[in-house]
Amino acid sequence: MVLLSFLTHLAVGANLLAQVPLVNSLALYQDRATKSLDDFIASESPIALQGILNNIGSAGSNAVGVALGLVVASPTKENPDYFDTWTRDSALTFKALVDAFIAGNTNLRSLIENYIYAQAQLQTLPNLSGNLSNGLGLGEPKFEVDGTAFTAPWGRPQRDGPALRATALIAYSRWLISNGDTSFVTSVTWPIISNDLSFVGQYWNWTTYDLWEETLGSSFFTTAVQHRALVEGNALAEQIGQSCASCGQAPQILCFLESYWEGNHIAGNQNEDNQRSRKDLNTILGIIHTFDPSAENCDTTTFQPCSDIALANHKVVSDSFRTVFSINAGIPEGSGVGIGRYPEDTYQGGNPWYLGTMAAAEQLYDALYQWNKIGSLEVSSTSLAFFQDFSPSVATGVYTSSSPTYTTLTSAIKIYADSYMSLIQKYTPSDGSFAEQFNRNDGTPLSASNLTWSYASFLTAVAARDGVVPASWGEPSANVVPSVCAGYTATGTYLAPTATAPLSPCTAVTSVAVTFNVAETTSYGQNIFLAGNITQLGSWNTVDAVALSAVDYQAEYPRWYGTVDLPAGTALQYKYVDKGVDGSFTFEGGANREFLVERGCAGEVQVHDKWQQEGMTLRELV
Ligand SMILES: *[C@@H]1O[C@H](CO)[C@@H](O)[C@H](O)[C@H]1NC(C)=O
Ligand SMILES: *[C@@H]1O[C@H](CO)[C@@H](O)[C@H](O)[C@H]1NC(C)=O
Ligand SMILES: *[C@@H]1O[C@H](CO)[C@@H](O)[C@H](O)[C@H]1NC(C)=O
Ligand SMILES: *[C@@H]1O[C@H](CO)[C@@H](O)[C@H](O)[C@H]1NC(C)=O
Ligand SMILES: CC(=O)N[C@H]1CO[C@H](CO)[C@@H](O)[C@@H]1O
């Protein structure tokens, strides 16, 4: 009877009391709308990294049934179905993780090695693009999450994946070599890289589907990342005493790359058959993924982020979205806007993309890094319009870092770059999750949710903002364009990598250690308990509620927490309860919280809550 009256009491209370929104994220201590960009970035960074880890098999919480080392593009399974593993998205994600590993996050190592073993397996898998014997199978864009071939019609082949995978594996290999583990490189990573380099050298001059999987032709992004891969692949081969015959194609790929410049912007695609403007985010993505911090000048040949053609292109591409999206209306040129894939896009409504908007910021952060390193900035007739957005009267010329013009322009461009990130802050929901797109009219998240590539883009944009740059890929020795372009290609050699580990689906756990964290400022003598409708939480009986610990309590995070082992699949209601100095229990306000212990492979899960105000004193229950 006591229990029943208590439940009634709660239900009535829930109706009467104003509902406090439930904020399940680390970012709950400040109102997002009023937080500074720095604070947003600080709170979002662990969420973005976790967002990636959640999507990687076999332990990721959003990757149930995904083979070890494979990463899903998104957990969304319908409209759109992205629960597959793409070679491109995976490689871009793991390049970001390798860079984070090199920067000090040593926990990522086994994940990276699982990815490498999984890629060795995928290389050998016959598929609808072909198989490994002549390399054609490496152009297959995506696979099923259990590591089998995808057998439905698709925009295939896509020739950027092998180049990007080589780049990710080369970054890790170079770290291994400088840390004394050349044998892992020789036996495990090089055989995979070598196949990918062979593919690039043999097929770079064949048509491909672009990174948006829609346009058959030649794509700036693909050509740019192919050039980079062969240059750094050649250097790695030399370092470990191997040869890379295909890498000799690099100058010809560079020669072809030059032809994408159309006079005032870069053509996103050529040799294509659609009627689009060719203004395309793929150009900015190509630029940031071939940025070389060691480039000695703002080289135009490799479209370095600070080159005049890259800046002119940045303006043309970003301005092309100012009028097509109503959320961009009224934002002046020189201030960040939501960036989509290309202005004519209609896919899933054709909206701004999180990763596009962050890429626009990242190119500018990279350019700022380069100007600072060079010690000057040049305004040319090609880049004049870009710079005039920040100083209408600026004239062409070279401005050294001690000049007022340099200071004015670089300060304004930093603010410009940040304004793109501030839009991300504005259009990110309070749980910090990134979808693929945000609505062109009201900014609400759209299309696939928890998009791995969106999270990876956040990590790379923030690293660039912090001046934490990736290793050089060798641009200074690879920026001379042959006088005559030729489409010659090199026949590659392909061998099945031998050092592989099995691709096994994850093992589902039966019990999950759920850690409940609640932020609540308490004073001495007060204690926080966890009560709920299941026996493990005392069946709403405060006498059997779970006492939480305050050992990690801090003023800035007044954390009370406790871990409860619960069977996978358990649905529960719960609330936090404050036990006062006088022994009385006060339930937090609002509706009962609900939680589902998901069936999956993760044996642990963290729940982050904030005390809901307006509690009810239930002295009668004690
Ligand atoms: C690989 O593809 C080639 C060319 O299509 C074909 O002749 C060969 O039988 C295939 N090999 C395997 C192992 O599937
Ligand atoms: C092949 O290369 C030549 C020379 O650069 C170029 O003109 C042609 O467009 C390229 N075709 C493809 C499909 O890459
Ligand atoms: C994104 O992933 C988180 C963590 O697994 C999950 O709580 C959230 O519901 C997901 N968001 C969407 C919109 O699916
Ligand atoms: C606890 O609450 C959940 C969610 O409302 C419900 O599905 C579940 O059956 C309840 N469990 C018990 C033991 O009452
Ligand atoms: C050329 C080749 O090996 N094609 C294979 C690609 O994968 C599909 C599906 O697994 C096979 O049916 C093809 O034979």
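Note that this is a predicted model, so its numbers are computed, not measured. Read the numbers this way: they start at 1 and go in the same order the structure lists the ligands and their atoms.
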Review point. Taking Q226 for the side chain and R159 for the main chain, is one N or O donor matched with an acceptor at less than 3.5 Å?
Key: yes
Exercise for review: Return a yes/no value for N134: is any of its N or O atoms, backbone included, closer than 3.5 angstrom to an N or O of ligand 1?
Suggested key: no
Exercise for review: Might you check, step by step, whether the distance between atom 14 (O) of ligand 5 and some protein heavy atom is under 4.0 Å?
Suggested key: no
Check your understanding: Quick one: which ligand 5 atoms are inside 4.0 Å of a heavy atom on A149?
Key -> 10 (O)
Review point. Below 6.0 angstrom between ring centroids: does that apply to W453 and W353?
Key: no
Review point. Side chains of N441 and S326: is there a donor and an acceptor less than 3.5 Å apart?
Key: yes
Exercise for review: Could you find the nearest protein heavy atom to atom 9 (C) of ligand 5 and give me its residue, atom name and distance?
Suggested key: T151 CG2, 3.8 Å
Point to revise | Flag for Y574-N533: side-chain donor and acceptor within less than 3.5 Å | key: no
Please tabulate, one pair per line, all N/O donor-acceptor pairs under 3.5 Å involving side-chain atoms of residues 563-572, not counting sequence neighbours.
from	atom 1	to	atom 2	distance (Å)
T563	OG1	T515	OG1	2.8
T570	OG1	P567	O	2.5

Practice item. For residues 204-216, pull every pair meeting salt bridge (Lys or Arg N to Asp or Glu O under 4.0 Å), keeping only residues two or more places apart or in separate chains. Key: R88-E213, E214-R276, E214-R341
Practice item. Determine, step by step, whether V72 and T85 satisfy the side chain to side chain contact (heavy atoms under 4.5 Å, CB included) criterion, reporting the C-alpha distance in whole Å, the side-chain angles of both residues, the deciding distance to 0.1 Å, and the verdict. Key: CA-CA 5 Å; V72 293; T85 186; 5.6 Å; no
**Study point:** Step-by-step side chain to side chain contact (heavy atoms under 4.5 Å, CB included) determination, T452 to D89
**Key:** CA-CA 8 Å; T452 314; D89 297 41; 5.9 Å; no
Check your understanding: For ligand 5, which atoms have a heavy atom of N131 less than 4.0 angstrom away?
Key -> 1 (C), 2 (C), 3 (O)
Practice item. Give every residue pair that meets the salt bridge (Lys or Arg N to Asp or Glu O under 4.0 Å) criterion with at least one member in residues 66-83, sequence neighbours excluded. Key: none
Check your understanding: If you count the atoms of ligand 5 from 1 in the order shown, which ones are under 4.0 Å from a heavy atom of P126?
Key -> 3 (O), 5 (C), 6 (C), 7 (O), 10 (O)
Check your understanding: Looking at atom 7 (O) of ligand 5, would you say a protein heavy atom lies below 4.0 Å from it?
Key -> yes
**Study point:** Nearest-contact summary for atom 11 (C) of ligand 5 - protein heavy atom, Å
**Key:** L128 CD2, 4.9 Å
Review point. List by chain and number: which residues place a heavy atom under 4.0 Å from ligand 3?
Key: N54, S61, N62, S449, N450
Practice item. List the steps, then state whether side chain to side chain contact (heavy atoms under 4.5 Å, CB included) holds for L122 with L70. Key: CA-CA 10 Å; L122 291 185; L70 296 185; 3.9 Å; yes
Check your understanding: Parallel, tilted or perpendicular: which fits the ring planes of F516 and F595, with parallel below 30° and perpendicular above 60°?
Key -> perpendicular
Practice item. Provide the number and element of each atom of ligand 1 under 4.0 Å from a heavy atom of S133. Key: 1 (C), 2 (O)
Check your understanding: Looking at ligand 5, does any of its N/O atoms fall within less than 3.5 Å of an N/O of N127?
Key -> yes
